[in-house]
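Please read these numbers as outputs of a predicted model, since none were measured by experiment.
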Amino acid sequence: MLLVETEGSYTNQIALNSLDVYVGQSYSVLVTADQDAADYYIVATAKMANSTQLKTLEVVGVLHYDNSTKPADGPLPNGPDPFDVNFSINQARSIRWNLTTGAARPNPQGSFNVSNVTLSQTFVFQNSVNYENGMMKYAINNVSYATPQTPLKLADYYLNGAGVYELDKFPANGSLREAVYGTFVVSGEHREWLEIVFKNELHVMDSWHLDGFGFFVVGYGFGNWTPESRRMYNLYDPVVRSTVQVYPKGWTAVYVYLDNPGMWNLRSQKLKNWFLGQELYIRVYDSDPNPAKEHFPPKNLLYCGSVQAPPSAPPPSPEPEPVPGPIAPVPPAPAVPASTITTKTQW
């Protein structure tokens with residue numbers, strides 16, 4: 001039996017015989033050692049892969065009791081059906097925050113209950129894969145990310161994005177009809193609550209990560225997400241993650257409190273999807289230039305692209321040398337009586 005704890009979250013103690021771990025996630029588990037003294041197999045296998053990959057990606061470990069004299073033998077234990085998505089989503093829904101455990105509260109209101117927060121924005125992001133001239137590209141709302149030569153934060157601070165990106169140019173709640181390349185940047189409001197719905201139109205698992213924040217995972221589902229899907233949300237004790245899975249032909253909903261100004265990357269945590277364009281940036285802006293909210297650029301900042309280093313200040317002028325005047329005569333030293341002269345000798 002496993003007792004589960006998610007990354008940084010004190011969850012309810014859930015008894016599990018197997019545990020799904022998705023891309024970019026980690027768990028701590030407590031194992032109840034209540035069996036006879038012996039060695040036991042621990043098996044890690046892939047999910048939702050073809051039969052060849054399932055066998056190739058099988059990893060076996062051994063749990064050894066100190067007083068064991070019996071090695072592990074026999075067939076490996078059977079896990080759940082690797083293609084049973086219902087089993088996986090039901091397990092994910094069962095992992096909730098333990099409200100009886102004292103811990104740091106990520107919700108500014110001081111609890112894990114997010115039913116009383118006011119949402120200022122809703123983003124709906126749908127992944128897709130397209131082919132152009134024989135090249136594969138992944139996209140969000142049919143926008144495949146194009147990396148500019150100027151880093152976005154540099155362009156934002158010095159140019160307000162001019163010539164590098166256009167804020168909210170691409171839709172954040174629906175897909176374009178045709179796939180395009182573009183520098184996808186959406187606006188977020190500092191210290192406001194944001195709802196993000198990740199839609200997975202593919203037949204394989206996807207995984208999403210947001211830099212700079214943890215988010216409350218409030219819902220999973222299959223099929224198309226609609227506003228009525230909010231009735232399925234868990235707003236009472238959702239866990240907080242920075243990376244969340246989205247099931248094939250399904251959706252995942254999260255709440256984010258935007259308490260960190262800056263330019264933050266939102267991407268697929270599957271490296272192929274990310275490398276081939278499934279990413280965007282959320283610009284969390286605050287008009288108050290308070291360094292307590294966001295630090296000013298450091299003095300050793302590196303400039304590049306459209307933002308060039310300002311010209312260096314000219315060196316200070318050298319001090320003019322004084323013009324020498326006439327040398328005054330030095331008066332003679334007074335004579336010293338011979339009786340006052342002493343001599344010191346060091347051996």
- Task: Evaluate the side-chain contact (heavy atoms from CB on, under 4.5 Å) criterion for residues Tyr40 and Val31: first the C-alpha distance (whole Å), next the side-chain angles of each, then the deciding distance (0.1 Å), finally the verdict.
- Result: CA-CA 12 Å; Tyr40 295 90; Val31 179; over 6 Å; no

### Task
Before giving the answer on side-chain contact (heavy atoms from CB on, under 4.5 Å), spell out for Tyr255 and Leu235 the whole-Å C-alpha distance, their side-chain angles and the decisive distance to 0.1 Å.
CA-CA 9 Å; Tyr255 282 5; Leu235 302 180; 3.7 Å; yes

**Report entry** Derivation and outcome, side-chain contact (heavy atoms from CB on, under 4.5 Å), residues Val43 and Glu58
**Finding:** CA-CA 7 Å; Val43 183; Glu58 188 176 77; 4.0 Å; yes

- Item | Asp206 vs Asn127, side chain to side chain donor-acceptor pair (under 3.5 Å): CA-CA, chis, key distance, verdict | CA-CA 9 Å; Asp206 202 355; Asn127 64 357; 2.9 Å; yes

Does the side chain to side chain donor-acceptor pair (under 3.5 Å) test come out yes or no for Gln245 and Asp20, once each step is laid out? CA-CA 11 Å; Gln245 72 274 15; Asp20 289 351; over 6 Å; no

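The main-chain N or O of Asn86 is found under 3.5 Å from a side-chain atom of Asn90 such that the two form a donor-acceptor pair. In this structure, Ser306 contributes its side chain and Thr150 its backbone to no donor-acceptor pair below 3.5 Å. No donor-acceptor distance shorter than 3.5 angstrom exists from the side chain of His203 to the backbone of Pro248, with no hydrogens or angles considered.
Minimum interatomic distance between Pro171 and Asn141 (heavy atoms only, all atoms of both residues): O-ND2, 3.0 Å. Among all heavy-atom pairs drawn from Asp39 and Pro71, the shortest one is OD2-CA, 3.8 Å.
Other residues, nucleotides and ligands place more than 12 heavy atoms under 6.0 Å from the NZ atom of Lys153. Around the NZ atom of Lys169, the shell of radius 6.0 Å holds no more than 12 heavy atoms that belong to other residues, nucleotides or ligands. In this structure, Asn67 places its CG atom where more than 12 heavy-atom neighbours from other residues, nucleotides or ligands lie under 6.0 Å away. No more than 12 heavy atoms of other residues, nucleotides or ligands lie within 6.0 Å of CZ in Phe275, so this atom counts as exposed by the packing criterion. Within 6.0 Å of the CD atom in Gln308, the count of heavy atoms belonging to other residues, nucleotides or ligands exceeds 12.
The side-chain heavy atoms of Tyr157 and Pro297, taken from C-beta on, include a pair separated by under 4.5 Å.
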Atom pairs and distances, donor-acceptor, side-chain atoms in residues 180-189, under 3.5 Å, two or more places apart:
residue : atom : partner : partner atom : Å
Thr183  : OG1  : Ala146  : O            : 2.9
Ser187  : OG   : Asp168  : OD1          : 3.3
Ser187  : OG   : Asp168  : OD2          : 2.7

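Between Phe216 and Trp193, the angle of the ring planes lies from 30° to 60°, which puts this pair in the tilted group. In this structure, Tyr247 and Tyr220 have perpendicular ring planes: the angle between them is above 60°, well past the 30° mark.
Checked options Phe198, Phe123, Tyr22; the residue passing with Trp208 is Phe198 (criterion: ring pair (Phe, Tyr, Trp, His ring centres under 6.0 Å)).
Applying the ring-ring contact (aromatic ring centres under 6.0 Å, His included) rule to Tyr165 yields no partners; only residues at least two apart in sequence or on another chain are considered. Residues meeting the ring-ring contact (aromatic ring centres under 6.0 Å, His included) test with Tyr145, sequence neighbours left out: Tyr281.
Side-chain contact, Glu195 with Tyr233: a donor N or O sits under 3.5 Å from an acceptor N or O.
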